[in-house]
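Since the structure comes first, as structure tokens, the remarks are kept for the end.
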Amino acid sequence: MRIAIVSDIHGNLEALTAVLEDIDRRPVDEIVCLGDIVGYGPDPAACLAVIRGRRIPSFMGNHDQAAFDADLRTTFSLLARTAIEWTAPRLDDGDLAFLRSLPYRAELHGATFVHASPRDPGEFEYVMDDLDAARQFGSFTTPICFIGHTHDPEIFREDLGPRMVDAEHRCLVNVGSVGQPRDGNPKACYGLYDTGPLSFEHVRVAYDVPATAAKIYQAGLPAQLAERLVLGV
Ligand code: ZN
């Protein structure tokens with residue numbers, strides 16, 4: 001079974017559309033979303049409409065939760081808080097009810113899926129490096145666990161071996177970000193997971209970055225949110 005895993009869409013409709021077009025051209029059986037559908041980007045409601053319309057199973061991201069949980073916003077950076085305060089009033093009751101209903105983690109297709117970390121999904125901790133990753137392997141039992149949250153595509157192996165997925169080694173895989181890549185590559189990123197023989201690859205997809213940037217300026221969102229999309233940071 002082939003599963004496409006998207007994460008951190010962040011209201012970027014151009015990136016989401018390009019990624020789904022790429023996925024639809026491949027023999028993919030299911031799409032899973034690791035959350036942060038909204039926040040930062042100029043099209044939160046349109047991105048929610050796509051995810052809800054296609055009935056893509058999704059998990060709770062910190063920006064998704066902050067759309068209805070004002071307390072969580074107090075932990076955000078000024079940039080993130082400014083953006084979620086712009087976002088929340090642009091969602092209708094159905095969107096907010098959908099976001100409230102998102103689960104934090106689940107096991108599907110022999111893997112664990114969670115937005116930030118399997119150890120404490122509601123805390124949204126950042127798994128940045130091998131040491132952070134090493135602390136996570138006791139918190140899931142499947143051979144592989146998929147995360148997003150840092151927007152940095154990465155493969156962490158329990159044996160600290162090469163950054164690749166195989167059937168012999170347990171892995172924690174960050175699928176990267178659709179709508180706001182931060183690894184210096186502005187192309188949208190998502191993951192392709194094959195349940196057997198077990199394999200995984202990151203896929204990069206070009207999209208119309210200037211169109212999204214123009215919408216960010218037009219919306220009156222902070223200009224930095226447009227500039228970072230151009231650079232992929
Ligand atoms: Zn995010």
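Please read all numbers here as calculations on a predicted model, not as lab measurements. Atoms within a ligand are numbered from 1 in the order they appear, just like the ligands themselves.
For the Zn ion (ligand 1), the nearby protein N/O/S atoms, meaning those under 2.8 Å, are Asp8 OD1, His10 NE2, Asp36 OD2, His151 NE2.
A cation-pi arrangement is not found for Arg204 relative to Tyr190, the charged atom failing to lie both closer than 6.0 Å to the ring centre and inside a 45° cone about the ring normal.
Relative orientation of the His202 and Phe200 rings is perpendicular, given thresholds of 30° and 60° on the angle between their planes. Using cut-offs of 30° and 60° on the angle between ring planes, the pair His115 and His149 is perpendicular.
Side-chain atoms of Asp36 and Ser7 form no donor-acceptor pair, as typed in the model, at a separation below 3.5 Å. Side-chain contact, Ser117 with Glu125: a donor N or O sits under 3.5 Å from an acceptor N or O.
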Could you check Glu30 against Arg2 for salt bridge (charged side-chain N to carboxylate O under 4.0 Å, His left out), going step by step and ending with a plain yes or no? CA-CA 7 Å; Glu30 186 169 353; Arg2 286 167 62 94; over 6 Å; no
